[in-house]
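All remarks here apply to the structure that follows.
Chain letters run A, B, ... following the sequence lines, proteins first, then strands; residues in each count from 1.
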Amino acid sequence: MILPLHEEVRARVRDALARLHGITDAELTIPIEYPPNRALGDLGTPVAFDLARRLRKAPRAIAQELAGAIGPIAGVSRVDAAPNGYLNVFLDRPTFLLARLGLAGSLPPAPARPEKTIVEHTAINPNKAAHIGHLRNSALGDTLVRVLKFRGNPVEVQNYIDDTGVQVADVVVGFQQLEKLSIDDAKRIAASTRFDYYCWDLYARVTEWYDGDKERLKIRAATLHDIEHGVDPTATLASFIAHTVVHAHLKTMARLNIDYQLLTWEGDILRLKFWARAFEVLKETGAVFLQSEGKHAGCWVMKIDDPDAAPAEDGEEDPEAREKVIVRSNGTVVYVGKDMAYQFWKSGLLGRDFLYRKFATRMDGDTLWATTSDQSQAVAEHPKFGDAAATYNVIDVRQSYLQKLLKQALSAIGHPQEADRLKHFSYEMVALSHATAQQLGFAPDPNSEEAKKPFVEVSGRKGLGVKADDLIDRVIDKALAEVDRRQSDLPPDERRRIAEQIGAAAVRYFLIKYSRTTVIAFDIDEAVSFVGETGPYIQYAVVRANKIIGKLQERFGLDETATLAGLPGSPPDLINEDAELWALVLEASRLDEIVEQVVRSLEFAVLAKFGFGLAQMFSAFYQNPKQSVINEDRAEARRWRAAAVVYCRQQLTRVLDLMGVAVPARM
RNA sequence: GCGCUCGUAGCUCAGUUGGAUAGAGCAUCUGGCUUCGAACCAGAGGGCCGCAGGUUCGAGUCCUGCCGAGCGCACCA
């Protein structure tokens, strides 16, 4: 918790500026930064540079005036003007640490954020096993959920299931046409094999089959039609495939501590006629209109307004390029129409609701709900879903255009605020490194275009990709080998559990540490590594911290509370003089600031780097014999160091929790 | 053609409201386990921040142009 101090320093600088120079403009921002080293200060601001021209004074002189006029600030020991013009602040170290441990004073409460936020993520086509690209989506989405909750936002997590799309239809075609299998055969396969893996292979074969004769695509169209209209046996088989694969996906995600509150099924959106209602709204508000001329004649279209687009230079611009067809001339709705209906519902603007049924049990024991359109399945008592003040849609960058259309649709029906509060959480895709593609047996022809690209694109249609569970298995196996080597006294099931925790940390950290705009060229060897900047590195730091606290009890018979209880009032020399210890405490306190930055930028790489950097500082501290806690003879020094360890461990544990990662009992 | 992203160490990447000396991991090299357990730590080498202009007290970060790469822009989903 450092943000309240930032605010206090800002307020006092503002106050001093008003008194000294009559500067009261609210637009003046006072940036708070961290000087390059603690000898210069704990916090600092370059505000004097901004004012130099305005006040016709050297930055240094302004900073000096401010330092003299700012007066005492609670929690601050001194304010200095640096020779180059920075205004630097030194904190009262003992008070700072004691307050953060809840041993002195009280920290201001977090701001209330009562408005409900929906986060939709994962949305994997339920026709095959999840792959690493899907994992990036889910890891980002779940981290977003955790970060929002951390700062007090009520969050509803949804996973959209496209059970009536082409991809499910393709696997149905595989069962019916290629394998000549019935629903009972499918059930038999599901009972005896990895069904999602089976579908993975079958899906790739269906793609090849289509390539063999384009006429076969007509079978796909007919299958899709049967699914949409509930024609059996096709519809029942499709439903079975989708449900079975969804359960497999849930299982996969649970291995990474990812789950959901509600599964929204596209089939229910169709059957409950959400689109018909959305279409009414769009027509009533004039958001869409029936085009009577040009190439879109007979279609219902929406104007695309693009304020960023350059104006047509010589009036030769194609007017149709500024229109998006929403309803085709044959009366059927385009894909994005269903998305609009779903989004209107999320934003509480549809005037219609799903029915709900219980689907499964969540990891914390709560109910995982699913939508339904079947009265006989519907449960009367259910939580209120949808109708959120803000929405985050976690979808890769290729969907940017469609997400933009969704925002425009909200605007066009007269709800610009809702449009503004719909955020497309976009991120780049996961591809494969050439080395990994080769290991999988997908080496492109060295003379082909593909070979010249910086990475190899994943393709579900070709069956080219790394399955999520295969990756997780490999990482866990490797972790288990390490655990077996180091913790041979532990029973096998406990070792297994630890390996699973370490594996989840490795995978999740790997998926979070890149910025959203970076294409991850997935390399298997890099992903399974536990050395350096990885999740297990952070876990290891926390395990070491726990070790110190355990030893303290063993050696001195003091538990954590007793150790800390002796701190208030004890001589603060150590923390005042030990730069390394203080740097650790100050850095640890920045979590709230980091979380705000993460929500503002939607960059979880920031969180990952913070966790790693703090763990790194702690590891150095731990490894330094001069900083030993239990070998320290002076009781006060021991207590201050223990306090720093406790605080650091607390903050690192929170960071891991935000990443959906647990702390192993031992490593 | 238009739009959006990206180009930083040998490799993979940070540098997200323009700030003090451009960082991390991996790889390479040198040290360190009878120590709070080395999944670690200490240290070394390694940079025209794609190129050229501009704005600013200050630019890896903002603007313009160029070069190079990726992804979008359907009466597909």
Side-chain angles (χ1 to χ4, degrees), chain A residues 29 31 33 35-37 40 44-46 49-50 52-53 58-59 82 84-86 88 125 162 165-167 169 224 295-296 298-301 304 306 308-310 317 321 324-330 332 334-336 338 396-402 404 426 428-429 431 433 453-455 457 479 482-483 485-486 502 513-521 523 525-526 529-534 536-537 539-541 543-552 555 597-598 600-603 605-606 608-609 612-613 616 619-625 627-632 641 645 666-667:
Chain A
T29 56
E33 299 165 3
N37 62 69
L40 290 170
T45 176
F49 295 102
D50 265 342
R53 175 176 298 226
N84 59 3
Y86 276 89
N88 290 332
N125 272 300
D162 186 2
V166 182
Q167 293 214 18
L224 194 55
K295 68 177 179 182
H296 292 157
C299 298
W300 288 84
V301 302
I304 301 171
D306 187 356
D308 302 328
E317 197 191 354
K324 169 68 185 171
V325 171
I326 307 297
V327 178
R328 304 183 187 98
S329 50
N330 68 4
T332 57
V334 151
Y335 171 82
V336 73
K338 278 177 278 187
D396 75 58
V397 66
R398 290 172 299 185
Q399 302 283 329
S400 295
Y401 175 65
L402 292 175
K404 203 168 136 194
S426 81
E428 268 292 352
M429 32 214 262
S433 73
K453 292 198 174 185
F455 41 72
E457 200 181 337
E482 293 292 320
V483 176
R485 197 160 60 75
R486 296 156 202 251
I502 294 170
K513 75 173 185 179
Y514 298 94
S515 66
R516 289 186 288 130
T517 52
T518 300
V519 178
I520 299 180
D523 189 86
D525 295 328
E526 202 190 324
S529 166
F530 302 150
V531 298
E533 197 199 324
T534 63
Y537 179 96
Q539 288 177 311
Y540 191 56
V543 169
R544 285 175 138 187
N546 280 332
K547 197 82 178 181
I548 294 177
I549 292 157
K551 285 266 176 178
L552 215 49
R555 189 77 64 90
Q597 191 187 339
V598 160
R600 199 181 337 119
S601 63
L602 295 179
E603 275 300 358
V606 172
K609 306 282 171 195
F612 176 66
Q616 219 172 17
S619 291
F621 169 84
Y622 175 95
Q623 196 92 7
N624 184 350
Q627 294 289 9
S628 178
V629 177
I630 71 148
N631 295 322
E632 173 59 59
R641 280 186 204 142
V645 171
R666 284 161 58 176
M667 275 181 86

Remember a base hit wins even if backbone is also touched, and classify [X] as base, sugar-phosphate or nothing at under 4.0 Å, heavy atoms.
X: L552(A); answer: nothing
X: E526(A); answer: sugar-phosphate
X: K453(A); answer: sugar-phosphate
X: D396(A); answer: nothing
X: Q623(A); answer: base
X: L402(A); answer: base
X: A620(A); answer: sugar-phosphate

Tell me the partner of [N], counting only Watson-Crick (N1-N3 plus N6-O4 or O6-N4) or G-U wobble (N1-O2 and O6-N3) with both under 3.5 Å; none if nothing fits.
N: A14(B); result: none
N: G60(B); result: none
N: A38(B); result: none
N: G68(B); result: C6(B)
N: A44(B); result: U28(B)

Whole Å only: how far is the [atom1] atom of [X] from the [atom2] atom of [N]?
X: H296(A); N: C75(B); atom1: NE2; atom2: C1'; value: 7 Å
X: I520(A); N: U12(B); atom1: CD1; atom2: C1'; value: 11 Å
X: Q539(A); N: G37(B); atom1: CD; atom2: P; value: 18 Å
X: K513(A); N: U16(B); atom1: NZ; atom2: P; value: 19 Å
X: F621(A); N: C40(B); atom1: CZ; atom2: C1'; value: 15 Å
X: R555(A); N: G37(B); atom1: CZ; atom2: C1'; value: 14 Å
X: E428(A); N: G7(B); atom1: CD; atom2: C1'; value: 14 Å

Please state whether the phosphate of [N], meaning OP1 or OP2, lies under 4.0 angstrom from any side-chain nitrogen or oxygen of [X].
X: K547(A); N: U35(B); result: no
X: R398(A); N: A77(B); result: no
X: Q616(A); N: G25(B); result: yes
X: N84(A); N: A20(B); result: no
X: S433(A); N: C11(B); result: no
X: Y335(A); N: A77(B); result: no

Using the side-chain heavy atoms of [X], tell me which of these nucleotides is nearest: [options].
X: P454(A); options: A39(B), C36(B), G70(B); answer: G70(B)
X: S619(A); options: C40(B), U17(B), C13(B); answer: C40(B)
X: M667(A); options: A39(B), A14(B), A77(B); answer: A39(B)
X: P35(A); options: G25(B), C71(B), A20(B); answer: A20(B)
X: N88(A); options: A20(B), U16(B), C40(B); answer: A20(B)
X: Q399(A); options: G70(B), A77(B), A39(B); answer: A77(B)
X: R486(A); options: C13(B), G25(B), A38(B); answer: A38(B)
X: S515(A); options: U16(B), A77(B), U5(B); answer: U16(B)

Roughly how far apart, to the nearest Å, are [N] and [M] at atom [atom1]?
N: U34(B); M: C48(B); atom1: P; result: 42 Å
N: U61(B); M: A77(B); atom1: P; result: 43 Å
N: G72(B); M: U64(B); atom1: C1'; result: 24 Å
N: G10(B); M: G47(B); atom1: C1'; result: 12 Å

Worksheet item: Does U16(B) sit syn or anti, given that only angles within 90° of 0 count as syn?
Response: syn
Practice prompt. Answer whether the closest heavy-atom distance between the side chains of Q399(A) and S426(A) falls below 4.5 Å.
Written response: no
Worksheet, complete the sentence: RNA chain B nearest-nucleotide lookup for E482(A) and V629(A): closer to the 5′ end is V629(A)
Worksheet entry | Given RNA chain B, 5'-ward residue of the pair Y537(A) and K609(A), judged by closest heavy atom | K609(A)
Item to complete: May I ask whether Y622(A) stacks on the base of C36(B), given the cut-offs of 5.5 Å between ring centres and 30° between planes?
Response: yes
Worksheet item: For the base of C75(B), is there a side-chain donor-acceptor partner from S329(A) under 3.5 Å away?
Response: yes
Worksheet item: So N631(A) and R555(A), side chain to side chain contact (heavy atoms under 4.5 Å, CB included) or not? Walk me through it.
Response: CA-CA 10 Å; N631(A) 295 322; R555(A) 189 77 64 90; 3.9 Å; yes
